[in-house]
Amino acid sequence: MAAGAPILDVPPGLLEDIKVQMDITWQDEGTDRKVRELALSGMAYLDLKRGSPADYTAHGLPRTLLMEYVRYARDAALDVFETNYLSLIVAMRNEGLVDGYVQGTGQAGLSGDEGEEGPEGDPALQLGSGAALQRL
C-alpha cells in the first residue's frame with residue numbers, strides 16, 4: 001500500500017481477531033460494522049503516527065496498538081489513548097523510521113560492522129531525537 005493511500009477495508013481475519021480480543025462472541029451485523037469502522041479509524045491514525053502503512057495482521061506494536069485503540073474507542077476513552085500509549089506509539093514510530101531507512105539504503109543490517117554508515121548519522125532515526133518526536 002502506498003504511503004497516504006486510503007485504507008479501504010480491514011484485512012481478512014483481522015476483524016475476527018479484534019472481536020476475540022474484545023470478547024465479542026456473538027454475530028451481529030451492527031457490532032461488526034462498528035468494530036470495522038473503529039478499526040479503520042485506528043489504522044488511519046496509527047499509520048499517520050508511524051509515518052507509513054503498518055501490517056496489522058502480524059504480531060507487533062502496530063497490531064497491539066490497534067487492538068487497544070479499538071478498545072478505547074469502543075469505551076469512549078480515545079481522549080486518553082495517546083497519553084496512555086505514547087511510549088509504544090513512539091517505539092512504533094522509531095521502528096517505522098528504521099524500517100524505512102533499511103529499505104531506502106538496501107542494508108540488511110544496521111550494525112555498521114563492515115564500514116557502512118548506520119542510522120546514527122541520521123538525526124531522524126536516533127531514538128528519542130527531537131526530529132523523530134516532532135513528527136508525532
Quick one: are Arg36 and Ile18 in side-chain contact, heavy atoms under 4.5 Å? no

Which heavy-atom pair separates Glu95 from Pro62 by the least distance, and what is that distance? OE1-CD, 4.1 Å

Report the residues that fulfil salt bridge (Lys or Arg N to Asp or Glu O under 4.0 Å) with Asp99, sequence neighbours left out, ordered by chain and then residue number. Arg50

side-chain contact (heavy atoms from CB on, under 4.5 Å) against Asp23, all qualifying residues, sequence neighbours excluded: none

Nearest 0.5 Å, please: how far is CG in Leu14 from CE in Met67? 5.5 Å

Rounded to the nearest 0.5 Å, what separation is found between the CG atom of Asp32 and the CH2 atom of Trp26? 10.0 Å

Rounded to the nearest 0.5 Å, how far apart are CE of Met92 and OG of Ser87? 11.5 Å

Side chain to side chain donor-acceptor pair (under 3.5 Å) partners of Thr57, counting only residues at least two apart: Asp55

For residues 73-80, which side-chain donor-acceptor pairs fall under 3.5 Å, sequence neighbours excluded?
none

Those residues at least two apart in sequence (or on a different chain) that pass salt bridge (Lys or Arg N to Asp or Glu O under 4.0 Å) with Glu37 are none

Do you know which two heavy atoms are closest between Ala39 and Val10, and how far apart they sit? CB-CG2, 3.9 Å

If I take atom CZ from residue Arg33 and atom OG1 from residue Thr31, how far apart are they, to the nearest 0.5 angstrom? 9.0 Å

What residue among Leu65, Leu40, Leu38 forms side chain to side chain contact (heavy atoms under 4.5 Å, CB included) with Val70? Leu38

Scan for salt bridge (charged side-chain N to carboxylate O under 4.0 Å, His left out) pairs involving residues 59-70, sequence neighbours excluded, and state none if there are none. Asp17-Arg63, Glu68-Arg71

Could you check if a side-chain atom of Phe81 sits within less than 4.5 angstrom of a side-chain atom of Ile89, using non-hydrogen atoms only? yes

Using atom types as modelled and distance alone, determine if a side-chain donor or acceptor of Tyr56 lies under 3.5 Å from a backbone N or O of Met43. yes

For Tyr85 and Thr64, which I'm curious about, is there any donor-acceptor pair between the side chains at under 3.5 Å? no

Go through the structure and list residues passing side-chain contact (heavy atoms from CB on, under 4.5 Å) with Glu16, not counting sequence neighbours. Lys19, Gln27

Report whether Leu88 and Tyr69 are members of the same hydrophobic cluster (ILVMFWY, side-chain heavy atoms less than 4.5 Å apart, transitive linking). yes

